[in-house]
Amino acid sequence: MPEQLSLRINLNDDATFENFFLQQRDSRHQVVTVLQDQFCSEGESFIYLWGASGSGVSHLLQASCHQASAKGLSAQYLPLSELLDYPPQQLLENLEQLSLVCLDDLQVIAGNQQWETALFGLYNRIREAGGHLLLGANCSVRELPLQLPDLQSRFGWGPVFQLPEANDVEKTTILQFRASRRGMELGDDVAQYLINRAARGLGELMSCLETLDEASLEAKRKLSIPFVKQVFGW
């Protein structure tokens, strides 16, 4: 990250490709494959992911940064929804020097001329430098209310993927998958109880799971509905 601004942006350690749940015939296999191959000789330089909150967009952007770091490459993840108060020209300065730039919550800058101009410049600089740009938003490229037509066209030059939002059955499976990755056993009844009582977004559910992991280790208890009630005071 350039030295001009000091930002405290930490990647979620759990946001890796290994922790991204995929079913056998999941359409998202193609998305993950494209992201994992982006540093190959024939890999994609510009990729746009979009989907509702909890669909996995932020997870995959951070997973790509983890992968880049594991390969010894430089990468930066920027959640734009948390950075709107920063001067965009300064924030995005010299990012083309990195191997990978991941910009999340792209929709929040749409209509902001200063931000759009800065992103347009960054896009062109990354292209000239031969770098990689991964974009994440909650809507398609066409639905972004951008003021710069050239910026909108550039965002659609590479592959565009939509990530479907998980239903309750899929949330149960994802919760159980992530619990098993932590060495916990999460029964159907407990998983369903969490989905019914906690905030329904996957991000919030994962936070609940992390809390339960720490609590169960400290109390040396297995996950059960009474234990979950005790931990969260429900």
Side-chain angles (χ1 to χ4, degrees), residues 1 9-80 92 94-107 119-144 151-166 170 173-174 177-178 180-181 202-203 206:
M1 185 72 193
I9 299 174
N10 297 316
L11 295 175
N12 182 346
D13 291 338
D14 290 334
T16 64
F17 287 123
E18 292 75 19
N19 274 340
F20 190 70
F21 177 74
L22 290 170
Q23 301 188 71
Q24 188 172 2
R25 296 183 178 181
D26 199 319
S27 61
R28 297 174 300 170
H29 276 288
Q30 182 187 6
V31 184
V32 172
T33 298
V34 170
L35 293 175
Q36 290 177 323
D37 291 345
Q38 61 186 314
F39 299 113
C40 299
S41 58
E42 297 181 358
E44 299 288 348
S45 298
F46 303 99
I47 304 171
Y48 185 102
L49 305 182
W50 68 279
S53 176
S55 61
V57 173
S58 297
H59 185 121
L60 290 179
L61 263 64
Q62 294 182 66
S64 293
C65 286
H66 281 303
Q67 175 183 249
S69 297
K71 292 178 178 291
L73 302 174
S74 54
Q76 180 65 52
Y77 170 74
L78 295 176
L80 298 183
L92 305 179
N94 296 328
L95 288 184
E96 69 277 4
Q97 298 174 11
L98 304 178
S99 301
L100 174 67
V101 178
C102 295
L103 303 180
D104 204 356
D105 303 321
L106 194 63
Q107 71 280 352
L119 279 176
F120 184 76
L122 175 63
Y123 188 101
N124 291 330
R125 296 197 306 272
I126 289 177
R127 187 183 183 193
E128 292 175 4
H132 296 79
L133 179 63
L134 179 55
L135 302 170
N138 67 357
C139 62
S140 68
V141 177
R142 293 182 179 180
E143 293 173 316
L144 279 176
L151 182 62
Q152 196 147 29
S153 65
R154 277 162 174 72
F155 283 167
W157 276 0
V160 176
F161 297 103
Q162 179 185 7
L163 300 182
E165 187 175 6
E170 292 165 334
T173 306
I174 293 170
F177 168 75
R178 292 291 290 273
S180 68
R181 297 280 297 178
L202 269 178
M206 291 304 129

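Computed from a predicted model, the values in this text were never measured in an experiment.
The aromatic rings of Phe46 and Tyr123 sit parallel, their planes meeting at an angle under 30°, below the 60° perpendicular limit.
Two residues are said to be in side-chain contact when any heavy atoms from C-beta on lie closer than 4.5 Å; Asp14 and Met206 fail this criterion. Counting only heavy atoms from C-beta outward, the side chains of Glu96 and Glu128 never approach each other to under 4.5 Å. Looking at heavy atoms from C-beta onward, Leu144 lies out of side-chain contact with Leu151 at the 4.5 angstrom threshold. You'll find the side chain of Phe120 reaches within 4.5 Å of the side chain of Asn124, heavy atoms only. Using a 4.5 Å heavy-atom threshold, the side chains of Val160 and Ser140 count as separate. Annotation: side chain of Trp157 is in contact with side chain of Arg154 (closest heavy-atom distance under 4.5 Å).
Closest non-hydrogen pair, Leu98 versus Gln76, comes out as CD1-CB, 3.5 Å. Residue Leu60 comes nearest to Val31 through the heavy atom pair CD1-CG1, 4.1 Å, listed as atom of the first residue, atom of the second, then distance. Looking at every heavy atom in both residues, Gln67 comes nearest to Leu35 through NE2-O, 3.3 Å. Leu103 approaches Leu61 most closely through the heavy-atom pair O-CD2, 3.6 Å. Nearest heavy atoms, Leu106 versus Ala137: CB-CB, 3.9 Å. Closest non-hydrogen pair, Arg125 versus Asn94, comes out as NH2-N, 4.2 Å.
Note that CZ of Arg127 is 12.5 Å distant from CG of Leu133, once rounded to the nearest 0.5 Å. Atoms CG and CD, from Asn138 and Glu143 in turn, are 8.5 Å apart once rounded to the nearest 0.5 Å. One finds the OG atom of Ser64 at 12.0 Å from the CG atom of Leu73 (value rounded to the nearest 0.5 Å). In this structure, CG in Asp104 is found 9.5 Å from CG in Leu78, a value given to the nearest 0.5 Å. Note that CG of Asn19 and NE2 of His59 are 6.0 Å apart. Values are rounded to the nearest 0.5 Å. Atoms CZ and CG, from Phe21 and Leu202 in turn, are 11.5 Å apart once rounded to the nearest 0.5 Å.
Remark: side-chain polar atoms of Gln62 are not paired, donor with acceptor, to backbone N or O of Tyr77 under 3.5 angstrom. Checking side-chain atoms of Ser55 against main-chain N and O of Pro164 turns up no donor-acceptor pair under 3.5 Å.
When the options Gln24, Gln30, Gln23, Arg28 are evaluated for a side-chain hydrogen bond (donor to acceptor under 3.5 Å, both in side chains) with Asp26, the one that passes is Arg28.
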So Ile126 and His132, side chain to side chain contact (heavy atoms under 4.5 Å, CB included) or not? Walk me through it.
-> CA-CA 7 Å; Ile126 289 177; His132 296 79; 5.9 Å; no

